[in-house]
Amino acid sequence: MTEIMDRDLASTPTVEQERRLVTAVPGPASQRLHARKLAAVSAGVGTMLPIYVERAAGGILVDVDGNHLIDFGSGIAVTNVGNAAPEVARRVTQQVGEFTHTCFMVTPYEAYVQVCEALNRLTPGRHEKRSALFNTGAEAVENAVKIARRFTGRDAVVVFDHGYHGRTNLTMAMTAKNMPYKDGFGPFASEIYRVPMSYPFREPAPISGEQAAARAITAIDKQVGINRTAAVVIEPIQGEGGFVVPAPGFLTAIAAWCAENGILFVADEVQTGFARTGAMFACEHEGIVPDMIITAKGIAGGLPLAAVTGRADIMDSVHGGGLGGTYGGNPVACAGALAAIDLIEGLDLVSAARRIESVMLARLQELAAAHPGIGDVRGRGAMLAIEIVKPGTRETTKEPDPAEAARISAACHQAGVVTLTCGTYGNVLRFLPPLVIPEHLLAEGLDILAGALAG
Ligand SMILES: *Cc1c(COP(=O)(O)O)cnc(C)c1O
């Protein structure tokens, strides 16, 4: 990439990169909108922090009251390249002016093919690949399952404790946590089996990644049946389940065992993908080459797009017309993806995620040393978390403290930092800043977190 292009890509965001609070959070204008939301929008659609956003760029969200908040959430790991990144905005705007939709299954267009070419090139492994595009992470997960069943002729799909794969009927079955994702929404799809994850902080006694893999493999062998299992679907670092990083060797052992037994190893990299963890894809940290990889969230700079990328023989085993959808790979979303991918590569956002890790992780570890309520600090790249436990239980029962996690998160919000919580026990504070966040905002956000922890 030329220097001129680099400068182009890095063009300055349109929003001043400063935290600034001019009202309480939420302010009066947000409160008025929220009253309308409550009257117009289903109560089932929750909002974590009801500030109504007017603009966003770089590491800042601006609300309708004029408050500038530091963004430690990236809309759940979506705006990796920054919000309304100028290059994304430019190419999406151009595409909207040219055509907005044809349906790729009716009359195709180049951008869809270009996105698939980019995915085939960027995902782990140098083997021949194919991709298919969809709208949401859950839809892509569903399609990966369809493809795996078609290719193997087997029905069973194995997922893991604490896993999250979406909210559609099939993916609800694959998602572990009942509240709020599943409660009252069943019956769920059949032939989904959950086995133990490697969750180092919550193992009753320390075990290696290989031992944790053996535990999961035994469960699959004895309770599901190797010959019945089409695929193992796993997040290399779990997202909603609590940013759980499995012990080293766990993923490699599972992947190797899958390969030996004709079971497809499917990586759900919807949250971990596109430079988020300090590698283009989290599988790379352990040198794993999945048979299929599912991507979404960070793929298109905020536009709705998702993909399944996999071995050509697997992806091409599906009969013509077996995959698709009206909007899958919409041209506007594809334009966003091509711009986002150029930004990730052109600005080296993999290195940016590593820099964020080095600043944030050191600070979080410092905070953990001072706060007995921080049970664990974990994650990779710009996907980091602290797990909050009742003080004094870190070395013993590790009793989750979701109320304290909620209090800390709310205190951050009041001070103008957008933080998210997650985890099976609701006690994990997660940090997902845009990879283009200016260093001074990262530092200031961490100062505010430190203040919130102190109470
Ligand atoms: C968010 C997420 C999904 C679901 O994606 P949607 O676009 O919300 O349907 C699936 N898997 C993982 C790991 C996710 O983080």
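Here, residue 1 is the first one in the sequence, and each next residue gets the next number. Values below: every heavy atom of this structure, side chains too, minus hydrogens, waters and symmetry copies.
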Point to revise | H127 and V289: CA distance, side-chain angles, deciding distance, side chain to side chain contact (heavy atoms under 4.5 Å, CB included) verdict | key: CA-CA 10 Å; H127 54 286; V289 177; 3.4 Å; yes
Check your understanding: How far does CG of L264 sit from CD1 of I314, to the nearest 0.5 angstrom?
Key -> 4.5 Å
Review point. Are the side chains of E18 and I60 in touch, meaning some heavy atoms are under 4.5 Å apart?
Key: no
Exercise for review: Report the distance from atom CD1 of I70 to atom CG of L441, rounding to the nearest 0.5 Å.
Suggested key: 5.0 Å
Check your understanding: Between L449 and L364, does a side chain to side chain contact (heavy atoms under 4.5 Å, CB included) hold up when you go through it step by step?
Key -> CA-CA 9 Å; L449 172 69; L364 294 174; 3.6 Å; yes
Revision key, fill the gap. Smallest heavy-atom separation, H162 atom then A176 atom, equals N-CB, 3.4 Å
Practice item. Kindly indicate whether the side chain of V88, heavy atoms from C-beta on, has any atom under 4.5 Å from the side chain of L303. Key: yes
Point to revise | Partner set under ring pair (Phe, Tyr, Trp, His ring centres under 6.0 Å) for Y164, not counting sequence neighbours | key: Y181
Exercise for review: Would you indicate whether R55, at its atom CZ, is surrounded by more than 12 heavy atoms from other residues, nucleotides or ligands within a distance under 6.0 Å?
Suggested key: no
**Study point:** Under 3.5 Å: donor-acceptor pair, side chain of K297, backbone of Q271
**Key:** no
Check your understanding: What closest approach, in Å, do H413 and T419 show between heavy atoms, and which atom pair accounts for it?
Key -> NE2-O, 2.9 Å
Review point. Side-chain contact, heavy-atom cut-off 4.5 Å: D268 with M174?
Key: no
Review point. Does the side chain of V389 reach to within under 4.5 Å of the side chain of E399, using non-hydrogen atoms?
Key: no
Point to revise | Minimum-distance pair of heavy atoms, taken over all atoms of E286 and A247 | key: OE2-O, 4.3 Å
Practice item. Give, for atom CG of L305 and atom OG1 of T295, the distance between the pair rounded to the nearest 0.5 Å. Key: 7.5 Å
Review point. Do the ring planes of Y112 and F104 sit parallel (below 30°), tilted (30 to 60°) or perpendicular (above 60°)?
Key: parallel
Check your understanding: Can you check whether E87 reaches R91 side chain to side chain, under 4.5 Å on heavy atoms?
Key -> yes
Review point. When rounded to the nearest 0.5 angstrom, what is the spacing between CZ in F265 and OG1 in T252?
Key: 9.0 Å
Exercise for review: Please lay out, stage by stage, how E240 and R167 fare under the test salt bridge (Lys or Arg N to Asp or Glu O under 4.0 Å).
Suggested key: CA-CA 12 Å; E240 307 305 299; R167 295 170 177 269; over 6 Å; no
Point to revise | Side-chain (T421) to main-chain (A406) donor-acceptor, under 3.5 angstrom | key: no
Check your understanding: What's the spacing between R149 CZ and K146 NZ if we round to 0.5 Å?
Key -> 11.0 Å
Review point. V81 and A340: which non-hydrogen atoms are nearest, and at how many Å?
Key: CG1-O, 3.7 Å
Exercise for review: Given side chain to side chain contact (heavy atoms under 4.5 Å, CB included), test N67 with I51 step by step and report yes or no.
Suggested key: CA-CA 9 Å; N67 296 305; I51 57 144; 5.8 Å; no
**Study point:** Under 3.5 Å: donor-acceptor pair, side chain of E404, backbone of K390
**Key:** no
Review point. Sub-3.5 Å donor-acceptor pair from the side chain of D291 to the main-chain atoms of V266, do we have one?
Key: no
Exercise for review: Please examine the side chains of F243 and L432, heavy atoms only from C-beta on, and report whether any two atoms are closer than 4.5 Å.
Suggested key: yes
Revision key, fill the gap. Smallest heavy-atom separation, M315 atom then A132 atom, equals CE-N, 4.1 Å
Review point. Does R355 use its side chain to pair, donor to acceptor, with the backbone of L349 at less than 3.5 Å?
Key: no
Check your understanding: Step by step, would you call T102 with Y109 a side chain to side chain contact (heavy atoms under 4.5 Å, CB included)?
Key -> CA-CA 8 Å; T102 62; Y109 39 87; 3.3 Å; yes
Review point. Given the rule in the salt bridge (Lys or Arg N to Asp or Glu O under 4.0 Å) test, do E117 and R121 qualify, once you have shown the distances and angles that lead to the verdict?
Key: CA-CA 6 Å; E117 287 169 347; R121 173 174 63 83; over 6 Å; no
Point to revise | Donor-acceptor pair, side chain of S30 and main chain of Y52, under 3.5 angstrom | key: yes
Review point. Any side-chain heavy-atom pair from I76 and R430 closer than 4.5 angstrom?
Key: yes
Study note, to complete from the structure: Nearest heavy-atom approach of L251 to P236 is CD1-O, 3.7 Å
Practice item. Measure from the side-chain N and O atoms of N427 to the backbone N and O of I388, and report whether any donor-acceptor pair falls under 3.5 Å. Key: yes
Check your understanding: Under 3.5 Å, side chain of R19 to main-chain N/O of A415, donor-acceptor pair present?
Key -> yes
Point to revise | More than 12 heavy atoms of other groups within 6.0 Å of E110 CD | key: no
Considering only distance and modelled atom types, tabulate donor-acceptor pairs under 3.5 Å from the side chains of residues 322-336, sequence neighbours left out.
residue : atom : partner : partner atom : Å
N330    : OD1  : V332    : N            : 2.8
N330    : OD1  : A333    : N            : 3.2
N330    : ND2  : T100    : O            : 3.0

Review point. Is it the case that more than 12 heavy atoms not belonging to E439 sit under 6.0 Å from its CD atom?
Key: no
**Study point:** Short side-chain to backbone donor-acceptor contact, S198 and G209, under 3.5 Å
**Key:** no
Check your understanding: How long is the span from the OG1 atom in T79 to the CG atom in D71, to the nearest 0.5 Å?
Key -> 5.5 Å
Exercise for review: Apply the salt bridge (charged side-chain N to carboxylate O under 4.0 Å, His left out) test between E387 and each candidate in K398, R378, R394; give the one that qualifies.
Suggested key: R378
Check your understanding: Does the side chain of I437 come within less than 4.5 Å of F72's, by heavy atoms?
Key -> yes
Practice item. Please confirm whether the backbone N or O of S131 pairs with a side-chain atom of T309, one donor and one acceptor, at under 3.5 Å? Key: no
